[in-house]
Amino acid sequence: MKLMTQYLKGVSTLSLSTENCVGCGECLTVCPRDVLTVSDGKAVIASLDSCIECGACVLNCPANAIQVNAGVGCASAVIASWFTGREPVCDCSGGECC
Ligand code: SF4
Ligand code: SF4
């Protein structure tokens, strides 16, 4: 079952080039958050604020149609804390994004 929680609004760096997209659906298959969908043969960002910037879609897109700054920021810190059992630590110093 995929998680549907939304975290910080409007901060994900995910972007999509519909011009490059070939509509294969690989990004939907690998996304753990159901962020993307395909409409009229092209991928569409359906829920940007659900993106945890894991980078799986970028790694699996055969058309280089997706960009995201994976492995940085608050989302990455939260994911790392799941695996280490430690408190999340990011570089934003508790500013507006936290
Ligand atoms: S970066 Fe991860 S969570 Fe975000 S759209 Fe891609 S696969 Fe989904
Ligand atoms: S993996 Fe890339 S080419 Fe395939 S549907 Fe997603 S964005 Fe489009």
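Everything quoted here is computed from the prediction, not taken from an experiment. Residues take their numbers from the sequence shown, with the count starting at 1.
Looking at residues two or more places apart in sequence or on another chain, you find a side-chain contact (heavy atoms from CB on, under 4.5 Å) between L48 and S12, L14, I45. Under the side-chain hydrogen bond (donor to acceptor under 3.5 Å, both in side chains) criterion, S15 pairs with Q67, not counting sequence neighbours. With sequence neighbours excluded, the residues that form a side-chain contact (heavy atoms from CB on, under 4.5 Å) with V44 are T37, S39.
Shortest non-hydrogen contact noted between A43 and C27 is CB-SG, 4.1 Å. When all heavy atoms are compared, the tightest approach of S47 to S50 is OG-OG, 2.7 Å. Pairing each heavy atom of C31 with each of V35, the nearest pair is SG-N, 3.5 Å. Considering every non-hydrogen atom in both E19 and K42, the closest pair reads O-NZ, 3.9 Å.
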Evaluate the criterion side-chain contact (heavy atoms from CB on, under 4.5 Å) for residue pair C57 and L36; output intermediate values, then yes/no. CA-CA 9 Å; C57 54; L36 301 148; 4.1 Å; yes
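Side-chain contact between I52 and P32 is present, with at least one heavy-atom pair separated by less than 4.5 Å.
Screening T29, I66, V30 for a side-chain contact (heavy atoms from CB on, under 4.5 Å) with N60, the sole residue that qualifies is V30.
A distance-only check finds a donor-acceptor pair linking the side chain of E53 to the backbone of T13 [under 3.5 Å].
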